[in-house]
Number of protein chains: 2
Amino acid sequence: MAASTLSEVARLAGVSLATASRVLNGSSRKPAEDIAERVRDAADKLGYVPNAQAQALAKSSSGLIGLVVHDIADPYFSAIARGVQEAARQQNRMVLLASTSGTPADEKQAVAAFAARRADSMVIAGSRSVREEDKQGNAELAAELDRYCRNGGQVGVVGHPVVGASAADGYHVVEVPNEELAAGLAGQLAATHDGGFVIIAGPEGLYTSDDRVRGFQQGLADAGRPAAEVIRTGFNRAGGFQAGQALAERIKGSKERLCIFAVNDVMAIGVTAALRPEGVWIPRDATVAGFDDIETLRDFRPALSTVHLPLEDIGRLAAGDPDTPPITGTVKLRRSTEAPVGPQL
Amino acid sequence: MAASTLSEVARLAGVSLATASRVLNGSSRKPAEDIAERVRDAADKLGYVPNAQAQALAKSSSGLIGLVVHDIADPYFSAIARGVQEAARQQNRMVLLASTSGTPADEKQAVAAFAARRADSMVIAGSRSVREEDKQGNAELAAELDRYCRNGGQVGVVGHPVVGASAADGYHVVEVPNEELAAGLAGQLAATHDGGFVIIAGPEGLYTSDDRVRGFQQGLADAGRPAAEVIRTGFNRAGGFQAGQALAERIKGSKERLCIFAVNDVMAIGVTAALRPEGVWIPRDATVAGFDDIETLRDFRPALSTVHLPLEDIGRLAAGDPDTPPITGTVKLRRSTEAPVGPQL
DNA sequence: CTGTTAGCGCGTTCAA
DNA sequence: TTGAACGCGCTAACAG
């Protein structure tokens, strides 16, 4: 038993298809009130639900907005997703979700699927990479996006342009000032920290990670400090944990109080978690800072110094919301980077 | 410049529409290999992307699965969303996302929108409620779901049936054994805790909250303990925080070491966060337990005792994945409920 | 203001 | 095996 159709409603109301359509679905021209009511009654009686697919086909506008993320359960992405969702709601559209493993090849698949569904626009979140292994995938992804844009699609990319994508119409990038913010963080940390710095970074070639590393180094240089050593690892908690384990020995074997900058919050949490069982206490024996200011981690102790990013706004902006302010971040110094004898909050 | 259509491809390949369709989109009957190749070439040249809307219209099956959550940025829901996403991927379908404010009225809207898009199935997560204020909304939601099911839709609900929904075909509930698990938690806590218990619960009428409260009380009773006092507050971190503030005085003013059970993890975190600045240390001055075992909170210190729920599996199951095991939880006792002189992990 | 008609892009039944 | 024709449910031109 399929859902009832508009023509059934029209027949029951004793009017034509067009009239029923005008009454039930948004049209500029409003039919007479008495006939309109009859149509509404009929629709009600039949439990009529307009077929959005058919509407989309006829109007060639689907009211869909696609969202590509690496992992919807990652708090970074889910915060962005919330922003996209809100923007979609305001625009009276629905969100199509695609979680990919993070490889460009997978993302290309997702983009193609969105294009097939004729999504009006789409948002691509997740770090871009220039690693050799992603080269072909990037090219294909760029081609797919390009075609989509040429067909009138709107694309919002978070962070960096997709590698190789031409600056087509309808293609816009929500720039996140990772580099400046990381420099700012480094500057503020250098003001109170005398010892050395170490950076826990993601794999080389990940733009977001690379930008934050570069910015941080620049900030150190501006403060007259030597460059920090960079440890490359996975761009997630597990990566941070590994790096933390590797650092533990070193910290315990030296008198120096190291300041550790992990290029994102979950990595910083991983570092801290690895250090704790080794008896290395933050901020007593070393200090730790992250990046992103993930909401769920805000109750973490010691409170994590980080850079606040308005992730929801980023999502909203990428989804094409006009009255979202441009993206700016804020350095947040908290307990994890306090001086050795700071207040015991 | 709109995307190219199947008939354009057919014309360029010099074949009929039907043939092109058979070649490009899954059909049982395969045309000759030489002609098939010509069609594929043409499609490639034109950058043909099948219009999923039109396909859906013709086949009356959209390949869409709707997901209703209260807040996609809430780690509880985003974990479930991951499960749904994975199931969808396996079934070669896409996820339509709707975040609602949590009111049944909003959820009804979302369900209607999914129905309009002719989603093949949908998943509704988020606690059901029997509060008076939700009565009408619940009824409308139930009616909407009912109609959707009658039209052949599949509905998976997490936790509890939607209030008032008739057990229609295609309607199934992923039961979460909240009550038994809460009882189990209470039992294990009672084994090592001598003092009193307090429960921080959500508003009365929220099934999930009520079940956990009831189970916990039952568990206490089975252990020969008096019933715990129940404090009602918001079902989120803010609610927990408020309750924590209210409790702080009492804990400081008494010698008794209270065991606080918050009906979910984020509330437990809120309680702990409120207690900390008041100088109440966990587990020294009081102990705290939660429910859900949210992944992002696992590095929280003191490590939170809780009940582990396989949220991804729940999502997968609700999305109709056949080979996901039935849902069982596990009590996880960690540092936050340890005896006063436990090991300093 | 209303009704008729022609598509939107595709799957699928029929004849050929 | 291939192609012509119809229908999926709806919108938007037209004509009345």
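Lettering of chains follows the sequences in order, A, B, ..., and the numbering in each one begins at 1. Note that this is a predicted model, so its numbers are computed, not measured.
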Engineer: List in numerical order all residues of residues 53-64 of chain B for which some heavy atom is under 4.0 Å away from an atom belonging to DNA chain C.
Structural biologist: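 When residues 53-64 of chain B is checked for heavy atoms under 4.0 Å from DNA chain C, the hits, listed by number, are B:Ala54, B:Gln55, B:Ala58, B:Lys59.
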
Engineer: According to a strict under-4.0 Å criterion, is A:Thr19 in side-chain N/O contact with OP1 or OP2 of C:dT2?
Structural biologist: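 It does not, given that no N or O in the side chain of A:Thr19 lies less than 4.0 Å from OP1 or OP2 of C:dT2.
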
Engineer: Is there a donor-acceptor pair closer than 3.5 Å between any side-chain N or O of B:Arg118 and the backbone N or O of B:Ser60?
Structural biologist: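 A pair under 3.5 Å: no.
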
Engineer: Answer yes or no: is there an ion pair linking B:Glu107 with B:Arg128, defined by an N-O contact shorter than 4.0 Å?
Structural biologist: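 Yes, this pair counts.
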
Engineer: What's the closest nucleotide to the side chain of B:Thr5 if the choices are D:dA4, C:dC10, C:dG3?
Structural biologist: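 Looking only at heavy atoms from C-beta outward on B:Thr5, the closest nucleotide is C:dC10.
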
Engineer: DNA chain C: B:Leu17 or A:Val15, which has the more 5' nearest nucleotide?
Structural biologist: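 Mapping each residue to its closest nucleotide by heavy atoms, the 5'-most match is A:Val15.
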
Engineer: Where the side chain of B:Ser21 is concerned, which of C:dG9, C:dT12, D:dA4 is the nearest nucleotide?
Structural biologist: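 Nearest nucleotide to the side chain: C:dT12.
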
Engineer: Under the 3.5 angstrom rule, does the side chain of B:Arg38 hit a backbone N or O of B:Ala13 as a donor-acceptor pair?
Structural biologist: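 It does hold such a pair.
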
Engineer: Does any N or O in the side chain of A:Tyr148 come within less than 3.5 Å of the main-chain N or O of A:Ala119, such that one atom is a donor and the other an acceptor?
Structural biologist: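 Confirmed, A:Tyr148 side chain pairs with A:Ala119 backbone.
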
Engineer: Between the two end axes of the helix from C:dC1-D:dG16 to C:dA16-D:dT1, each built from 5 base pairs, what angle do you get to the nearest 10°?
Structural biologist: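 Computed angle between terminal axes is 40°.
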
Engineer: Any idea which heavy atoms bring B:Gly47 and A:Arg147 closest together, and the distance?
Structural biologist: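 Taking B:Gly47 first and A:Arg147 second, the nearest heavy atoms are CA-NH1, 2.7 Å.
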
Engineer: From the options C:dC10, D:dC10, C:dG3, select the nucleotide whose nearest atom is closest to the side chain of B:Leu6.
Structural biologist: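 Minimum distance to the B:Leu6 side chain belongs to C:dC10.
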
Engineer: Please work out which residues in residues 110-120 of chain B have a non-hydrogen atom less than 4.0 Å from an atom of DNA chain C and list them by number.
Structural biologist: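 Result for residues 110-120 of chain B: none.
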
Engineer: Starting from P on C:dC10, measure out to CG on A:Asn51 and report it in whole angstrom.
Structural biologist: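 Taking atom P of C:dC10 as the reference, CG of A:Asn51 is at 16 Å.
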
Engineer: Should the ring pair B:Phe77 and B:His70 be called parallel, tilted or perpendicular, given that the plane angle runs from 0 to 90° and is split at 30 and 60?
Structural biologist: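 Rings of B:Phe77 and B:His70: tilted, 30 to 60°.
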
